[in-house]
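These values consider heavy atoms only, across backbone and side chains, with no hydrogens, waters or symmetry-generated copies. Starting from 1, each residue takes its place in the sequence as its number.
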Amino acid sequence: MFDHMRAKALFRSRFIARSAATGLALLIAAGSAAADTTVKWLHLEIDPNYLAVWKKIAAKYEAEHPGVKIEMQFLENEAFKAKLPTLLQSSDAPDLFFSWGGGVLKQQLATGTLMDLTEAMNAKDGAWLKSYNPASVNGLTFDGKIGAVPYKMGTVSFFYNKQMFAKAGVDAASIKSWDDYLAAVKKLKDAGIVPIAGGGGEKWPIHFYWSYLVMRDGGQKVFDAAKNGQGEGFNDPAIIKAGEQLAELGKLQPFQPGYLGATWPQALGVFGDGKAAMILGFENTAANQRTNSGDGKGLDPDNIGRFAFPAVSGGAGAVTDTLGGLNGWAVTKTAPPETLDFLAYLTNAENEREMAKAGMLIPVAAGAEDGVTNPLMHQAAEQLAHSTWHQNFFDQDLGPSVGRVVNDVSVAIVSGQMSPSDGAQQIQEAFEQDQL
């Protein structure tokens with residue numbers, strides 16, 4: 001288990017011990033050990049168990065660094081997105097804040113709002129930099145500049161109710177292709193079971209399907225060309241084919257009644273309450289379905305299985321290509337040097353291991369992989385360890401303007417309100433407008 005990742009960890013072991021202290025070394029070098037410094041940490045975490053882990057880490061750091069206070073600040077997800085741009089320009093700007101990476105982070109870095117972390121993370125022979133999974137750093141780097149400190153990686157996959165699958169005679173292990181998947185959806189419907197819990201009201205949960213189909217049909221070459229304005233862009237035949245396959249799924253009416261108005265928490269509740277057989281979701285879906293279920297218990301862990309998004313016959317992409325989050329902590333330009341020291345501490349192998357044990361994340365710190373103990377999270381970590389191409393969520397990677405259209409188009413196609421070719425053209429037009 002984790003052979004590939006362990007090899008990397010062993011190779012870098014001499015660096016890991018120093019990673020937590022790198023920021024401190026920079027701080028001392030800068031001669032800025034000022035007393036009574038407050039580091040303002042903006043996050044959007046609501047799980048009390050996860051918050052308790054963070055508070056424990058912050059308290060330990062404060063005890064080891066007299067005169068430094070870590071002030072945790074919270075904004076709800078949508079409020080975070082709406083208020084952050086204004087907040088970053090104000091005197092109340094946070095020193096570090098959660099980032100989904102992608103186009104938004106790239107824009108923030110380009111406008112000078114953020115601290116370019118390249119020099120700091122490469123100091124001392126790059127000890128801090130080398131303490132992370134290289135893919136996590138690469139995904140947060142734009143034009144040679146590191147825009148955020150890596151925090152976690154994740155991958156989207158299917159979770160299913162084993163009892164419902166058994167009742168319908170569906171073998172999850174046999175779902176290797178998109179055709180196999182559609183056949184499973186039909187068998188579930190024939191058995192009187194709602195196949196999929198969908199969150200169409202927030203739209204982005206549906207874009208997972210379109211994104212994965214684009215990846216499976218076109219591969220990295222087609223998607224990279226489209227987002228770089230090359231070739232036929234988003235009108236590439238492989239991208240249009242992905243839309244046709246999504247439309248084919250939609251015609252089967254696989255989602256629960258009212259899915260077009262359902263939020264993501266409601267979709268998780270549908271799955272957790274046993275009212276749908278599958279859900280395409282994040283690596284922590286098993287925990288979140290429990291939280292959002294009617295009784296607060298949800299499905300028994302032993303009743304939940306997991307499988308990767310299937311391959312597409314004749315597609316250029318591989319089943320080992322993964323779609324998922326790549327999150328980090330961005331640092332504002334005016335943040336005190338203590339911010340870097342705390343971030344090196346927060347994301348070192350020891351603390352990432354503790355967060356992994358709590359089920360919070362799949363760690364990016366080298367040597368912390370053994371903290372993943374939950375079986376389903378372990379499967380996600382294994383999948384990421386062998387990923388041939390890890391792609392950040394399309395709506396994040398393409399930036400807010402284009403990403404919003406991707407989400408709108410995904411829902412419109414699956415619900416039969418838009419043709420795949422029109423959807424591809426709308427995304428292309430949004431992309432071209434965004435380049436002006």
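Under 4.0 Å is where a charged nitrogen must lie from a carboxylate oxygen, and between Lys227 and Asp397 at least one such pair does. Under the 4.0 Å criterion applied to side-chain N and carboxylate O atoms, Arg353 and Asp370 are assigned as salt-bridge partners.
For an aromatic pair to be called close, the ring centres must be under 6.0 Å apart, and Phe158 with Phe208 fails this. Taking the centre of each ring, Phe74 and Phe80 stay at or above the 6.0 Å mark. In this structure, the ring of Phe159 has its center no less than 6.0 angstrom from the ring center of Phe307.
Glu62 contributes a side-chain N or O that, together with a main-chain N or O of Ile70, makes up a donor-acceptor pair within less than 3.5 Å. Of the possible polar contacts, one joining the Arg216 side chain to the Pro310 backbone as a donor-acceptor pair under 3.5 Å is found. With hydrogens and angles disregarded, no donor-acceptor distance shorter than 3.5 Å links the side chain of Glu71 to the backbone of Lys40. The backbone N or O of Leu299 lies less than 3.5 Å from a partner atom in the side chain of Gln289, making a donor-acceptor pair.
Minimum heavy-atom separation, Pro363 to Val372: CD-CG2, 3.6 Å. Nearest heavy atom pair, residue Tyr151 against residue Met355, reads CE1-SD, 3.9 Å.
Considering Phe97, Trp100, Phe98, Phe342 in turn, Phe98 is the only one that fulfils the ring pair (Phe, Tyr, Trp, His ring centres under 6.0 Å) rule with Trp329.
Under 3.5 Å, the side chains of Gln433 and Gln435 contain no donor-acceptor pair of N or O atoms. No hydrogens or angles considered: a donor-acceptor pair under 3.5 Å links the side chains of Ser387 and Thr322. No hydrogens or angles considered: a donor-acceptor pair under 3.5 Å links the side chains of Asp116 and Thr118. The closest side-chain donor-acceptor pair between Asp180 and Ser177 falls under 3.5 angstrom.
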Worksheet item: Lys60 and Glu350: salt bridge (charged side-chain N to carboxylate O under 4.0 Å, His left out), yes or no, with the steps?
Response: CA-CA 13 Å; Lys60 185 178 178 182; Glu350 178 183 353; 3.6 Å; yes

Item to complete: Take Ile362 and Lys152, measure what side chain to side chain contact (heavy atoms under 4.5 Å, CB included) needs, and give me the verdict at the end.
Response: CA-CA 6 Å; Ile362 295 174; Lys152 65 177 181 177; 6.0 Å; no

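For Tyr212, the ring pair (Phe, Tyr, Trp, His ring centres under 6.0 Å) test picks out Phe309, with sequence neighbours left out. Applying the salt bridge (charged side-chain N to carboxylate O under 4.0 Å, His left out) rule to Lys81 yields the partners Glu78; only residues at least two apart in sequence or on another chain are considered.
Between Phe394 and Phe223, the ring planes are parallel. Angles under 30° get that label, and only those over 60° would be called perpendicular.
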